[in-house]
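Here's the structure, in structure tokens; my notes come after.
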Amino acid sequence: MGRLRRRLPAVAAALGLAVGLPGPAYAAGEPLPAYRTADGARPVQGAESSADAPAVEPGAVYSDTLAPGSRFYRLNLDDASSVYVSAVLVPKPGARIDSGGDGLEVTLMTTGGRSCPGSPGRTTFGYGLGARPIGAAAVRRLQEDGDCQQAGVYYAKVTREASKNSDRSPWPVELTVSREPGLKTGSAPAAAPSGWPSTPPQPPASEPVAREGGTGFNDARALGTGVWRDGLRPGQTRFYRVPLDWGQQLSVGAELAAAKLTKDFASASTGLGVTLYTPYRSVLDDKDTGYDGKQAGLTLPPTAPVAYENRFASSSEAGGARVAGWYYLAVTLGEKVGEFTQDAVPVPLTLRLTVQGKAAAPPPYAEGLARSGFGVGDADRAAAREGLTAPEAALAADRRATMGTVAAGGFGTGTLLLLVLGGWLLLARRGRTG
């Protein structure tokens, strides 16, 4: 396995893929890589009033800009599925924010103005981490005798919260609408599990393997159980993704190595931040710790085993682990770290991930789950083994399909040629014997 891991970068290079090696040293003042918007994202302009709200639909990703305040979007929902609306706000690097209050909120509401259960979803930038991409989500959940169960028009309200002293220019925002089909009639559970194994496992201690994180959710680097190495510059957030199937748990440890100081003494009250997002881009857990140029680290407790019933749990930690799919890890190195480190050289980051539990059978959905972007398939597991981003995985799949077509075509042509040659030989023999 170790030999295979060492060969992966060379294999990937031969396929034209960019499997992550930590990037080279950066020149001082070089801008951080920009957030990569989803391929095929549809431009949309949210309205200040619900009366003018543009329509958005499940299965699509939209790009907009958002100044402080609220924007409305219109949805036409059925009565047979749960629907998730997420927003990812992408501030300008170095933008001025109020760490205590600035953030993002997403609400799903009826035409009568009632918020649906599971709304609003809210995320703040957190103290000391600076301007970074953040996500929040709201849900219309199927539940017997609950609110928001009827088919019809609903509104998504996306609010950017900002103090009067914060940057007030419009920032990019990415909207995702996902539809989770309901279960077959009579098979829906009604209660959450009573508990789950919460003792952290022994973290893996294998040799680190290089994996360069992405700029956001759309180019997040796939990871699985193991020890992974990357580098972070001050103010940078790297994104990673981990496939979690039904019944599985994820444990995360993150470490920053010592960095060369440019001052005799300095400290950053919050230098390392780790946020774990669900497949529908809602915060499942987050934690931060200080960093003063010396070794630092933190650990996220194991997630609840992924289960449909978790959506009925009272705690957000359990309630978020309600669907199988890609779980996203955002790791941030605070901006203030740049005041006392050489920001031209990334600070070494080590991630120790453990996926626990055997994959269980999926719930009895009335429709296939893959079309919703949820669930875990063989291609997802392969992407995690190979450390591919979603664009790289799509490219690899296209190339495999092309090679398969060429191979099939070559086989067909060769077979036809042999048949023709065989026919000629048969005719020649008949000619000689005639």
Side-chain angles (χ1 to χ4, degrees), residues 23 26-39 41-46 48 61-71 86-106 122-137 158-176 212-220 230-240 268-275 277 281 283 286 288 328-341 343-344 346-347:
Y26 294 88
E30 183 177 342
L32 296 172
Y35 182 94
R36 176 169 176 166
T37 304
D39 294 338
R42 306 178 189 177
V44 69
Q45 187 172 359
E48 295 184 2
V61 181
Y62 299 86
S63 61
D64 200 353
T65 57
L66 186 62
S70 298
R71 293 294 183 271
S86 71
V88 177
L89 185 64
V90 186
K92 297 181 296 185
R96 186 175 64 254
I97 64 169
D98 178 355
S99 299
D102 289 6
L104 178 68
E105 184 177 272
V106 183
R122 184 173 181 269
T123 305
T124 62
F125 286 100
Y127 182 75
L129 293 174
R132 60 191 176 111
I134 58 173
V158 180
T159 303
R160 174 182 159 190
E161 302 169 334
S163 70
K164 63 180 181 180
N165 295 322
S166 299
D167 185 323
R168 305 189 70 79
S169 61
W171 294 341
V173 64
E174 184 174 74
L175 307 174
T176 303
E212 183 178 348
T215 64
F217 291 91
N218 306 302
D219 61 352
D230 202 351
L232 284 173
R233 295 162 61 195
Q236 185 174 33
T237 300
R238 295 280 208 189
F239 282 77
Y240 312 87
S269 57
T270 301
L272 172 64
V274 177
T275 305
Y277 287 93
R281 302 184 178 185
V283 174
D286 70 323
D288 56 64
Y328 295 89
L329 195 63
V331 184
T332 301
L333 183 62
E335 291 176 345
K336 291 186 178 295
V337 175
E339 298 176 4
F340 62 93
T341 63
D343 60 357
V347 176

- For residues Tyr127 and Asp288, is any side-chain donor paired with an opposing acceptor at under 3.5 Å?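 No, Asp288 and Tyr127 have no side-chain donor paired with an acceptor closer than 3.5 Å.
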- Task: Would you kindly say whether Asp102 and Ser166 are connected by a side-chain donor-acceptor distance under 3.5 Å?
- Result: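 The criterion, which ignores hydrogens and geometry beyond distance, is satisfied for Ser166 and Asp102.
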Which atom of [X] lies closest to which atom of [Y], heavy atoms considered:
X	Y	result
Asp167	Ala95	OD2-CB, 3.7 Å
Tyr240	Gly213	CE2-CA, 3.3 Å
Gly94	Ala131	N-CB, 4.3 Å
Arg71	Gly46	CD-O, 3.5 Å
Leu32	Gly235	CD1-O, 3.4 Å
Arg160	Leu89	CG-CD2, 4.0 Å

Counting distance only, does the side-chain N/O of [X] pair as donor-acceptor with the main-chain N or O of [Y] below 3.5 Å?
X	Y	answer
Arg132	Phe125	yes
Thr123	Gly135	yes
Asp219	Gly216	yes

- Query: Using 4.0 Å as the upper bound for N to carboxylate O, is an ion pair formed by Arg238 and Glu212?
  - Reply: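 Here Glu212 pairs with Arg238 in a salt bridge, since their nearest N and O are under 4.0 Å apart.
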- Item | ring-ring contact (aromatic ring centres under 6.0 Å, His included) partners for Phe217, two or more places apart |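 With neighbours one apart ignored, the set is Phe239, Tyr277, Tyr328.
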Interatomic spacing from [atom1] in [X] to [atom2] in [Y] - rounded to 0.5 Å:
X	Y	atom1	atom2	answer
Asp286	Thr124	CG	OG1	7.5 Å
Gln45	Leu66	CD	CG	11.5 Å
Thr332	Leu272	OG1	CG	8.5 Å

Heavy-atom check, side chain of [X] versus side chain of [Y], under 4.5 Å:
X	Y	result
Glu174	Tyr62	no
Val90	Tyr35	yes
Val347	Leu333	yes
Leu104	Glu161	no
Val88	Val173	no
Val331	Thr237	no
Val337	Glu335	no

- Would Glu48 and Ser70 satisfy side chain to side chain contact (heavy atoms under 4.5 Å, CB included), going step by step from the backbone distance to the final call? CA-CA 6 Å; Glu48 295 184 2; Ser70 298; over 6 Å; no
- Message: Determine whether Val61 and Leu175 satisfy the following criterion, side chain to side chain contact (heavy atoms under 4.5 Å, CB included), listing intermediate values before the conclusion.
- Response: CA-CA 6 Å; Val61 181; Leu175 307 174; over 6 Å; no
- Message: For Asn165 and Ser163: C-alpha separation, side-chain torsions, deciding distance, then whether side chain to side chain donor-acceptor pair (under 3.5 Å) applies.
- Response: CA-CA 5 Å; Asn165 295 322; Ser163 70; 5.3 Å; no
